[in-house]
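Here is the structure we will look at, set down as structure tokens.
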Amino acid sequence: MEKQRVLPIQSGLNFRELGGYPTKDGKTIKWQKILRSGYLSVLTKKDQNYLLDYGLRYVVDLRSDYEITRNPDPRMTDVQQIPASVYPFSNRPSTSFSQFFKRLFHKDAVKKPSALSDPYELMVLDSHAQGAFRKLFQALLKNEEPNKAVLFHCAAGKDRTGIAAFLILSALGVDQKTIEEDYLLSNKVLFGTTTVKTEATNNTAINRMNQARNVDLHSLRLAAKAITSEYGDMINYLNQAMVLSNDDIAELKRLYTE
């Protein structure tokens, strides 16, 4: 099949390849091995067959149990479905699902969030969320067959999926600039623009509207900073929070880079 960053899925949302990205050790991520997307519940049979022909073998669903129950992924032949709910956060039991989204979409961009107040920080530091991402890495390690792919997704394929892609690409040795470019691609794919509000403005309403529909580097960088603050560096985070040994990380690179 043709190598392309955005997959020609007509009935789904934000379907993208992680193949082709260069790594810091001079290798490249293999194509048709790691996919990211938004929800799958409305996929037509034609698009399902496209993914099966593409080599889809594992689907890791990062949505909440409520989302999964309400809009389940379609059952596809020989595809293993793995629920791995990032929400609710175990470290914030008083925060309801609706309150979480309110904070995610309406956080004040003018004032920097305090420690553990930003959803992106919580996604990388909360114990329940870490367990979800560990399931994703275990699926990646199980995917040993050539030309077989793991797809991970949430609802829009931009926030939970964006953090998951950040962790995977980091583990494979992709540099931060490339990771950020992949993260920001959601804006172009979903909304036809790569313009992102990253600076404070005087128009709070416009700023909040842009944050609701766009991803922005401020949030991703908060997650990266939280990892550094709590774990020292990404390798320690992968070792401790993701329970990946150095041999596991080497195996991921063997499976997914060339």
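Just so you know, these numbers use all the heavy atoms, side chains as well, and skip hydrogens, waters and symmetry mates.
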Closest heavy-atom pair and its distance - Leu220, Gln176: CD2-NE2, 4.3 Å
Reported CG-to-CE distance for the pair Asn239 and Met234, which is rounded to 0.5 angstrom: 11.5 Å
Heavy-atom side-chain proximity of Tyr231 to Leu125 below 4.5 angstrom: yes
Closest contact, heavy atoms only, Leu255 versus Lys30: O-NZ, 3.2 Å
Hydrophobic cluster identity match, Leu141 and Ile29, side-chain contacts under 4.5 Å: yes
Closest heavy-atom pair and its distance - Lys158, Asn214: NZ-O, 4.1 Å
Arg5 to Tyr21 six-membered ring, cation-pi geometry met (6.0 Å, 45°): yes
Cluster check Trp31, Leu56: I/L/V/M/F/W/Y, side chain < 4.5 angstrom: no
Side-chain donor-acceptor pair present, Gln130, Ser127, cut-off under 3.5 Å: no
Side chain Thr257, main chain Lys27, donor-acceptor under 3.5 Å: no
side-chain contact (heavy atoms from CB on, under 4.5 Å) evaluation trace for Val60 with Leu151: CA-CA 6 Å; Val60 181; Leu151 182 150; over 6 Å; no
Check: Ser219 side chain, Val215 main-chain N or O, donor-acceptor pair, under 3.5 Å: no
Shortest non-hydrogen contact from Arg160 toward Cys154: NE-CB, 3.5 Å
Minimum side-chain heavy-atom gap Tyr237-Val124 below 4.5 Å: yes
Any side-chain heavy-atom pair of Phe133 and Ile163 under 4.5 Å: yes
Under 3.5 Å donor-acceptor, Arg36 side chain and Gly157 backbone: yes
Donor-acceptor pair, side chain of His128 and main chain of Ser85, under 3.5 angstrom: yes
Over 12 foreign heavy atoms within 6.0 Å of CG, Asp175: yes
Asn236 side-chain N/O to Gly232 backbone N/O, donor-acceptor pair under 3.5 Å: no
Joint hydrophobic cluster, Leu252 plus Phe152, side-chain heavy atoms closer than 4.5 Å: yes
Nearest-0.5 Å distance, CG of residue Leu136 to OH of residue Tyr58: 12.5 Å
Ile82-Val243 co-clustered via ILVMFWY side chain contacts under 4.5 Å: no
Donor-acceptor contact present, side-chain Arg63 to main-chain Asn71, <3.5 Å: yes
Derivation and outcome, side-chain contact (heavy atoms from CB on, under 4.5 Å), residues Val174 and Ile168: CA-CA 9 Å; Val174 175; Ile168 292 169; over 6 Å; no
Met123 side chain reached by Phe89 side chain, heavy atoms, under 4.5 Å: yes
Gap separating the NZ atom of Lys46 from the CD atom of Gln48, nearest 0.5 angstrom: 13.5 Å
Contact check, side chains of Tyr256 and Ile34, non-hydrogen atoms, under 4.5 Å: yes
Note, Thr178 side chain near Leu169 side chain (heavy atom, < 4.5 Å): no
Side chain proximity check, Leu35 to Leu18, heavy atoms < 4.5 angstrom: no
Co-membership, hydrophobic cluster, residues Ile68 and Val150, 4.5 Å side-chain: no
Stepwise side-chain contact (heavy atoms from CB on, under 4.5 Å) test for Phe137 and Leu167: CA-CA 9 Å; Phe137 276 111; Leu167 296 178; 4.1 Å; yes
CA sep, side-chain torsions, deciding dist, call: Leu13, Val42, side-chain contact (heavy atoms from CB on, under 4.5 Å): CA-CA 9 Å; Leu13 192 69; Val42 296; over 6 Å; no
Salt bridge Arg254-Glu251, side-chain N to carboxylate O under 4.0 Å: yes
Separation between CG of Leu52 and OG1 of Thr77, rounded to the nearest 0.5 Å: 6.5 Å
Heavy-atom donor-acceptor pair, Glu121 side chain to Asp118 backbone, under 3.5 Å: yes
No-hydrogen, no-angle side-chain donor-acceptor test under 3.5 Å, Asp65 and Tyr87: no
Residues Asn14 and Ser37: side-chain donor-acceptor under 3.5 angstrom: no
Heavy-atom closest contact (Pro74 atom, Leu40 atom, distance): CD-O, 3.2 Å
From Glu17, Gln32, Lys148, residue fulfilling side chain to side chain donor-acceptor pair (under 3.5 Å) relative to Tyr54: Glu17
Pair Asp247, Ser245: side-chain N/O donor-acceptor within cut-off below 3.5 Å: no
For Ser186 against Arg16, the heavy-atom pair lying closest together: OG-NH1, 2.7 Å
Residue pair Tyr39 / Asp73, side-chain donor-acceptor N/O under 3.5 Å: no
Asp47 side chain to Ile9 backbone, donor-acceptor under 3.5 Å: no
Distance in Å, Glu180 CD paired with Asp216 CG, rounded so as to fall on 0.5 Å steps: 11.0 Å
Partner set under salt bridge (charged side-chain N to carboxylate O under 4.0 Å, His left out) for Arg75, not counting sequence neighbours: none
Separation of Glu145 CD from Lys33 NZ (nearest 0.5 Å): 8.0 Å
Set of salt bridge (charged side-chain N to carboxylate O under 4.0 Å, His left out) partners for Glu258, sequence neighbours left out: none
Side-chain heavy-atom pair Asn246, Ile235 within 4.5 angstrom cut-off: yes
